[in-house]
Amino acid sequence: MAAPYRFTPQHTLSGGANLPAEDAAAQMEATGDYRILRRLTPPEPFVCNRPNCKQAAFLDVETTGLDEDDEIIELAIVPFQYALDGEICGIGAVFDQFNAPTRPISEEITRLTGITPDMVKGHAIDKDKVRAILSGTDLIIAHNAAFDRPKCEAFMEDFAATPWACSLNDIDWRSEGHESAKLSYLAMEYGFFFSGHRANLDCHAGIKLLTMPLAATGQLALSCLLTSARKSGWRVFAVDADYASKDALKARGYRWAPADTLPHPKCWWIDIDEDALEAEMSFLETDVYRRPTRPPAYRIDASNRYSRRVG
């Protein structure tokens, strides 16, 4: 009996053993029976030659863990230039430095990132160099800015002065036909792969992804992200919500505000679109407080979205 799920090729390649790899890949793709993933090769820096472009920076951090008090152990920033139509037209040199934390790096984090205590020992991120990058940056982008921005602002207040956007949440990947918004998954969906969980490669993978036409709409990913980043919305705090309502809040997308979140620490909160405020207040009255109420809500935009400094 044949082994289950065994794949029997239906095509042969012309050109023999000396066929160049890219030609072989093109032939395989042309059959319709193969999808080829190409390794991400970060480009050499190149200068933008288009007028009136903006300066952005893709950022990624590795930390001692995922808790609110965990510390940065690696910070990578890749500056790039973009036109208002979403085309990336220049990429700068990578900034990538280790930082020795005050707490141990767990074995789990080392397995995930490959960063060992010896690698960060004696290292400190050069804040002056970071400030120099930020001084010319119009927008910071991260793939999960809700994690990266609070970490960066806790490390350096300078990060609070620059608008942020998120390639994870500011593009509706599901409506574009993708089952996940994880960076490594999206990379494979768009035909490339990389060694994840090292900050500099994550940055280049994020930039590469932003250059892609989206699967369903054909719109450039960066153009879609910029449209979302320009929108304003609301952050609603469910202050004094009863403990019994936590499941309903979590199911709706609320997150817990840690102790250092201003202006309402230790309560549930959510970010919503500009026109969704009244519907959210109705949900809170009906399903959470069960009485007439109007919990605090604050306007958000790229200047404070994904930050804990709202209000």
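The basis for the numbers below is simple: all heavy atoms, side chains too, and nothing from hydrogens, waters or symmetry mates.
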_Does any part of the side chain of Ile140, heavy atoms only, come nearer than 4.5 Å to the side chain of Leu134, both counted from C-beta?_
yes
*asked:* According to a hydrophobic-cluster definition based on side-chain heavy atoms being under 4.5 Å apart (Ile, Leu, Val, Met, Phe, Trp, Tyr only), do Phe194 and Phe58 belong together?
replied: yes
*Has Lys151 got more than 12 heavy atoms of other residues, nucleotides or ligands less than 6.0 Å from its NZ?*
yes
_Heavy-atom side-chain proximity of Glu74 to Ile115 below 4.5 angstrom_ = yes
*Do Arg252's NZ or CZ and the ring of Phe283 fall within the cation-pi criteria of under 6.0 Å and 45°?*
yes
_Ser175 side-chain N/O to Asp172 backbone N/O, donor-acceptor pair under 3.5 Å_ = yes
*Asp148 side chain to Val61 backbone, donor-acceptor under 3.5 Å*: yes
_Quick one, Pro45 and Ile91 - any side-chain contact, counting heavy atoms below 4.5 Å?_
no
*Is the side chain of Trp173 donor-acceptor paired with the backbone N or O of Leu186 at a distance under 3.5 Å, no angle test?*
no
*How many angstroms lie between atom CG of Asp275 and atom CD of Glu280, to the nearest 0.5 angstrom?*
12.0 Å
_Closest non-hydrogen atom pair between Tyr289 and Ala238, with its separation_ = OH-C, 3.0 Å
*Answer yes or no: are there more than 12 heavy-atom neighbours, outside Asp240 itself, under 6.0 Å from its atom CG?*
no
*Lys/Arg-Asp/Glu bridge criterion (N-O < 4.0 Å) met for Glu179, Arg174*: no
_Trace of the ring pair (Phe, Tyr, Trp, His ring centres under 6.0 Å) decision for Phe192 with His204_ = CA-CA 12 Å; Phe192 67 97; His204 274 295; over 10 Å; no
*Give a yes or no answer on whether the side chain of Ser135 reaches the backbone of Ala132 with a donor-acceptor pair at less than 3.5 Å.*
yes
*Would a hydrophobic clustering, with Ile, Leu, Val, Met, Phe, Trp and Tyr connected at side-chain separations under 4.5 Å, put Ile88 with Leu183?*
yes
*Does Gln97 reach the main-chain N or O of Ala76 with its side chain, forming a donor-acceptor pair under 3.5 Å?*
no
_NZ/NE/NH1/NH2 to OD/OE distance under 4.0 Å, Arg103 and Asp70_ = yes
*asked:* Please say yes or no: joined through hydrophobic side-chain contacts below 4.5 Å, possibly via intermediate residues, are Ile270 and Val288 part of one cluster?
replied: yes
_Verdict with supporting geometry, Lys129 and Phe95, side chain to side chain contact (heavy atoms under 4.5 Å, CB included)_ = CA-CA 9 Å; Lys129 289 185 178 179; Phe95 172 90; 3.8 Å; yes
*Short side-chain to backbone donor-acceptor contact, Asn169 and Cys166, under 3.5 Å*: no
*Answer yes when Arg309 and Glu153 have at least one side-chain N-carboxylate O distance shorter than 4.0 Å, and no when they do not.*
yes
*asked:* Checking Thr113 against Glu62: is there a side-chain donor and acceptor pair closer than 3.5 Å?
replied: no
*Do Met156 and Trp164 sit in the same hydrophobic cluster, where Ile, Leu, Val, Met, Phe, Trp and Tyr count as joined when their side-chain heavy atoms come under 4.5 Å apart?*
yes
*Could you tell me whether Arg131 and Asp128 make a salt bridge, using a distance below 4.0 angstrom between a side-chain N and a carboxylate O?*
yes
*Can you find a pair of side-chain heavy atoms, one from Asp287 and one from Ser245, that are under 4.5 Å apart?*
no
*Measure from NZ or CZ of Arg235 to the centre of the six-membered ring of Trp269 and say whether it is under 6.0 Å with the direction within 45° of the ring axis.*
yes
_Short side-chain to backbone donor-acceptor contact, Thr286 and Ser282, under 3.5 Å_ = yes
_Under 3.5 Å donor-acceptor, Asn99 side chain and Ile72 backbone_ = yes
_Minimum heavy-atom distance Asp301-Asn304, with the two atoms named_ = N-OD1, 2.9 Å
*Might you work through the side chain to side chain contact (heavy atoms under 4.5 Å, CB included) test for Glu29 and Tyr34, ending with a clear yes or no?*
CA-CA 5 Å; Glu29 287 178 315; Tyr34 300 89; 5.5 Å; no
*asked:* Nearest 0.5 angstrom please: Ile73 CD1 to Thr110 OG1, how far?
replied: 7.0 Å
*Begin with the C-alpha distance, continue with both residues' side-chain angles, and end with the deciding distance and a verdict on side-chain hydrogen bond (donor to acceptor under 3.5 Å, both in side chains) for Ser232 and Glu274.*
CA-CA 6 Å; Ser232 60; Glu274 175 80 24; 2.7 Å; yes
*What distance do Arg198 atom CZ and Leu112 atom CG have between them, rounded to the nearest 0.5 Å?*
11.5 Å
Compile the donor-acceptor pairs under 3.5 Å between side chains in residues 210-227 and protein atoms, sequence neighbours left out, one pair per line.
from: Thr211; atom 1: OG1; to: Lys208; atom 2: O; distance (Å): 2.6
from: Thr217; atom 1: OG1; to: Glu176; atom 2: OE2; distance (Å): 3.0
from: Thr217; atom 1: OG1; to: Gln219; atom 2: N; distance (Å): 3.3
from: Gln219; atom 1: NE2; to: Ser223; atom 2: OG; distance (Å): 3.2
from: Thr227; atom 1: OG1; to: Ser223; atom 2: O; distance (Å): 3.1

*Which pair of heavy atoms, one from Asp170 and one from Ser228, lies closest together, and at what distance?*
O-OG, 2.8 Å
_Show the nearest heavy-atom pair for residues Ser195 and Arg39, with the distance to one decimal._
OG-NH1, 4.5 Å
*Does Glu189 pair with Lys182 as a salt bridge, N-O distance under 4.0 Å?*
no
*Using a strict 4.0 Å threshold on nitrogen-to-oxygen distance, state whether Arg290 and Glu285 make a salt bridge.*
no
_Side-chain heavy atoms of Phe237 within contact of Pro295, under 4.5 Å_ = no
*Carefully, step by step, assess Arg50 and Cys53 under the rule side chain to side chain contact (heavy atoms under 4.5 Å, CB included).*
CA-CA 7 Å; Arg50 288 185 58 172; Cys53 285; 3.6 Å; yes
*Are Leu201 and Tyr190 connected in a single hydrophobic cluster, I mean Ile/Leu/Val/Met/Phe/Trp/Tyr linked by side-chain heavy atoms less than 4.5 Å apart?*
yes
*asked:* Show, in sequence, the C-alpha distance, side-chain angles and deciding distance for Ile125 and Phe98, and conclude whether the side chain to side chain contact (heavy atoms under 4.5 Å, CB included) test is met.
replied: CA-CA 6 Å; Ile125 294 169; Phe98 288 128; over 6 Å; no
_Between CG on residue Leu262 and NE2 on residue His264, distance to nearest 0.5 Å_ = 9.5 Å
*Indicate yes or no: at least one non-hydrogen side-chain atom of Leu284 is less than 4.5 angstrom from one of Tyr254.*
yes
*Of all the heavy-atom pairs spanning Ile133 and Pro79, show the shortest one and how long it is.*
CG2-CG, 4.3 Å
*Going by distance alone, is a donor N or O of one side chain under 3.5 Å from an acceptor N or O of the other, for Glu71 and Thr63?*
no
*Within 45° cone and under 6.0 Å: Lys127 NZ/CZ vs Phe155 ring*: yes
*Plane angle bin for Trp256 and Trp268 - parallel if under 30°, tilted between 30 and 60°, otherwise perpendicular*: perpendicular
*Do you know the tightest heavy-atom contact between Ala229 and Arg305?*
O-NH1, 3.4 Å
*What orientation do His178 and Tyr185 show, parallel under 30°, tilted 30 to 60°, or perpendicular over 60°?*
perpendicular
*asked:* Is it true that Asp271 and Tyr298 share a donor-acceptor pair across their side chains at a distance under 3.5 Å?
replied: no
*State, with a plain yes or no, whether a side-chain heavy atom of Cys89 is found less than 4.5 Å away from one of Phe80.*
no
*Look at the side chain of Asp242 and the backbone N and O of Ala244, then say whether any donor-acceptor pair between them is shorter than 3.5 Å.*
yes
*Test item: Thr162 and Leu139 side chains (from C-beta on) under 4.5 Å apart, heavy atoms*: no
